[in-house]
Peer 1: 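One structure, pasted below without further comment.
The figures here come from the full heavy-atom set of this structure, side chains too, leaving out hydrogens, waters and symmetry mates.
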Protein chains: 4
Amino acid sequence: MSRTAASRAGGAGPPTDGPRDRQAILAATLDALGEHGYARMTVEGVATRAGVHKATLYRWWASKGSLVGWALGAGLSTGPVADTGSTRDDLVTWLRGTIDNYTSTPAESALPALLSDLASEPGTLEGFRRSFLDARRANCAATVTRGIERGDIPADVDVGLVMDVLAGTVFYRQLVSGEPMDAALAERLVDLVLTGQIPRVA
Amino acid sequence: MSRTAASRAGGAGPPTDGPRDRQAILAATLDALGEHGYARMTVEGVATRAGVHKATLYRWWASKGSLVGWALGAGLSTGPVADTGSTRDDLVTWLRGTIDNYTSTPAESALPALLSDLASEPGTLEGFRRSFLDARRANCAATVTRGIERGDIPADVDVGLVMDVLAGTVFYRQLVSGEPMDAALAERLVDLVLTGQIPRVA
Amino acid sequence: MSRTAASRAGGAGPPTDGPRDRQAILAATLDALGEHGYARMTVEGVATRAGVHKATLYRWWASKGSLVGWALGAGLSTGPVADTGSTRDDLVTWLRGTIDNYTSTPAESALPALLSDLASEPGTLEGFRRSFLDARRANCAATVTRGIERGDIPADVDVGLVMDVLAGTVFYRQLVSGEPMDAALAERLVDLVLTGQIPRVA
Amino acid sequence: MSRTAASRAGGAGPPTDGPRDRQAILAATLDALGEHGYARMTVEGVATRAGVHKATLYRWWASKGSLVGWALGAGLSTGPVADTGSTRDDLVTWLRGTIDNYTSTPAESALPALLSDLASEPGTLEGFRRSFLDARRANCAATVTRGIERGDIPADVDVGLVMDVLAGTVFYRQLVSGEPMDAALAERLVDLVLTGQIPRVA
DNA sequence: ATTTAAACGAGACGGTACGTCGCGTCTTTGT
DNA sequence: ACAAAGACGCGACGTACCGTCTCGTTTAAAT
């Protein structure tokens, strides 16, 4: 009924007006995530580390899941990709950023447990997607669009699926198959979608 | 105390000799998974449903995670792919099976949380990969090998990466991006890796 | 900071000069007390009901306990007992008023919890006794004194104990034993202390 | 649905089969009560002191209130009054026990807050009355009955009211009026109800 | 009329304790 | 030897309410 409640209604998304110590909380959350992983980190631990009381966190986030969701969305690099003139290079740059996101300590194995937790708060899951993924996907889409304009990519390309191929392969490798993430991975995946070159063994 | 402990030492792997009510436990575990998801299902609930006592489960599995890991490995379809003579068709068939696995209720969002849980019991994670993934990946690899023999696929293809592209895209779409899983997805992905056709919008 | 602090120093007693909305606060406090009981009523609820901010309450009262203590003292009837010429009748009248006080919704079960709360703020408990009880006891004592002058009561009667017998029986019945408070109770108790008639069953 | 739930249904009453460390819990509860009072004692503190986990307490008692209610009922002396042949002496003995109960550290100011807390769990309040009061009142009633048989007390005496007068006066004095509890109090009250002697100042 | 000091509204916050949940362990008792 | 029954330790979760604090804004008395 107050503004607080209204700002929380969105779920995982960043509260429109947050607590006073936003920055400290963000840092503390990502730290805890990196140190202990999602399941073993505790809300109280985050509070202590941030110099804030647990109740304050629950005033602004509905659950542990939405706090972490917000932190990941707010804390991971998300800058747009510079236009170097080469569609391939730009996509590789973007994919490397994505790889960094998925292999950096905080997010690494946080995402799966997080997604699982958020599955029980349905609105929150969608909110997390919007705040975490959309910015990243928009950056990629922009790069692809430039590629289309240059004629490097057909105009009717299914951008969503391309992004799922690029990010999904990385994500799956990191979490499920556990195969190593070699340095050339980004190039090989971009070449696959761009020029149809089936990946070969190094 | 001897064989019990020994059989559990392996972690997530299937116990060398199991409890009496294996089938009921398997069914109960998958049911619970499908109904509540990994995080919200409870070991006690599984026990009750299986008409077994919780302690019995812990006698044979080291943790909730290893129980679920075993159930997924034992319960999801895993049959080898028939050789139809068409590499493309066989790969599509395999991928459709994978999609079914990832979109069927039990496994749907169980895998991420499971992987996260298993991450804290180090050996167990690897054990799960071996028991759950290897069979599926072997099937795919066999199909690819036949494709190589037929000359449809270059001999030095990076099979591991191909599998990550196929399965990873599906996995990511289901769990992270949340985009719909249309019927033609399997063909489009196989065509991408096989003939380099960039996916276009329908 | 000067007068405010000074006026609060007294504890449970009525502030020398109060907030603007005294009446609304009094009503809201007694209402809340009657509806939820002492333990379950909340200061914030009282504030809202009174159209006042919580901080205002804490500006004038040191604690929930002292607020309620003040409200009970200010809100319950406390008029002196008229002199009808009959000592018995006057005492019965007084005792009936006491019964009303203890059985009316607000005070009913508020007193015990209140006393318990006030026990931790030592001075406040005594302050509450002075402001709440003394007026009532003075009324009774006056009636007894008239009885002594009339020769109805021996001059060396222990007035304090008589009052404890009258009020205590009622209080205990209401709160502890839970036995019903029949209509003739006042007469029977007065007759007991006045003429030594042991109470008989109706 | 299990026996545990069934045994708790009664509310404040003693569980039919209790936790393993009943004695330690009883002692710890009464200790905590005596040291800190009802409001300031904590369930977790009781658990620690008893060498037990908080969850164990909540497994057997529905709330802090019912735990304390049980402890008071189980921990305070409740023995029957010996028959000395003198009705007056026996009643005095009984009343002295009651005074002890109400002035001993644990119960002293625990009862009011307890009663207030229990007011919100209605069944529990009644359960507490049954387990705490009934034994004591039965003892008194037995003594009165002997007095009737001896002809010391009229047969149609209202025993319930007599007990309320005796215990209520003591209770009220202790908690509300705060007047001192002198040594002769028991005799004076018994004489009041027995022989109609109005209490005089010492 | 204007200044000025106190009271007030708004609401975030620290703190304490509550009561809950589910995992995994252990003991007891059959079978 | 295994299994049923179920109490228990443990750790964390999320909630509630108290009482404090800061910051603007209103009110009302004093100049």
Peer 1: Specify the residue among B:Ala55 and A:Gly45 whose closest nucleotide of DNA chain F lies further upstream toward the 5′ end.
Peer 2: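 The residue whose closest nucleotide sits nearer the 5' end is B:Ala55.
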
Peer 1: Taking atom CG of A:Leu67 and atom OH of A:Tyr58, what is their separation to the nearest 0.5 Å?
Peer 2: 8.5 Å

Peer 1: Does D:Tyr58 have a side-chain nitrogen or oxygen under 4.0 Å from the phosphate oxygens OP1 or OP2 of E:dT20?
Peer 2: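 No, no such contact exists.
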
Peer 1: Counting only side-chain nitrogens and oxygens, does C:Trp60 get under 4.0 Å of the OP1 or OP2 atom of E:dC8?
Peer 2: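 So the side-chain polar atoms of C:Trp60 do come within 4.0 Å of the phosphate oxygens OP1 or OP2 of E:dC8, strictly under.
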
Peer 1: Could you give the CH2-to-P distance, from C:Trp61 to F:dG19, as a whole number of Å?
Peer 2: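 After rounding, the reported distance stands at 14 Å.
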
Peer 1: Within the pair D:Thr56 and F:dG9, is there a side-chain N or O less than 4.0 Å away from OP1 or OP2?
Peer 2: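 It does, given that an N or O in the side chain of D:Thr56 lies less than 4.0 Å from OP1 or OP2 of F:dG9.
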
Peer 1: Using a heavy-atom cut-off of under 4.0 Å over every strand shown, decide if B:Gly51 touches base, sugar-phosphate, or nothing.
Peer 2: sugar-phosphate

Peer 1: Check whether the side chain of B:His53 and the base of F:dA3 form a donor-acceptor pair under 3.5 Å.
Peer 2: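 No, the side chain and the base share no sub-3.5 Å donor-acceptor pair.
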
Peer 1: Are any of the side-chain heavy atoms of A:Trp70 and A:Leu26 separated by less than 4.5 Å?
Peer 2: yes

Peer 1: Compare side-chain N and O positions of B:Lys64 against OP1 and OP2 of E:dG22 and report whether any pair is under 4.0 Å apart.
Peer 2: no

Peer 1: Salt bridge (Lys or Arg N to Asp or Glu O under 4.0 Å) with B:Glu44: which of B:Lys64, B:Arg49, B:Lys54?
Peer 2: B:Lys54

Peer 1: Rounded to the nearest 0.5 Å, what's the gap from CD1 on B:Ile25 to CG on B:Leu30? Could you check?
Peer 2: 12.0 Å

Peer 1: Whole angstrom is fine here: how far is it from CZ in A:Arg59 over to P in E:dC13?
Peer 2: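 Going from CZ in A:Arg59 over to P in E:dC13 covers 6 Å.
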
Peer 1: Using atom CE of B:Met41 as one end and atom C1' of E:dC21 as the other, report the distance to the nearest whole Å.
Peer 2: 15 Å

Peer 1: Between atom CG in C:Leu67 and atom P in F:dC17, what is the gap in whole Å?
Peer 2: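 It is 16 Å, rounded to the nearest whole Å.
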
Peer 1: Measure the distance from CG on D:Leu57 to C1' on E:dC18 and round it to the nearest whole Å.
Peer 2: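 About 13 Å, once rounded to whole Å.
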
Peer 1: Go nucleotide by nucleotide along DNA chain E from the 5' end; which of C:Arg20 and B:Thr42 gets its closest nucleotide reached first?
Peer 2: C:Arg20

Peer 1: Would you kindly give the NZ-to-P distance between D:Lys54 and F:dC10, to the nearest whole Å?
Peer 2: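 That distance rounds to 14 Å.
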
Peer 1: Taking atom P of F:dG11 as reference, at what distance in whole Å does atom CZ of A:Arg40 sit?
Peer 2: 12 Å

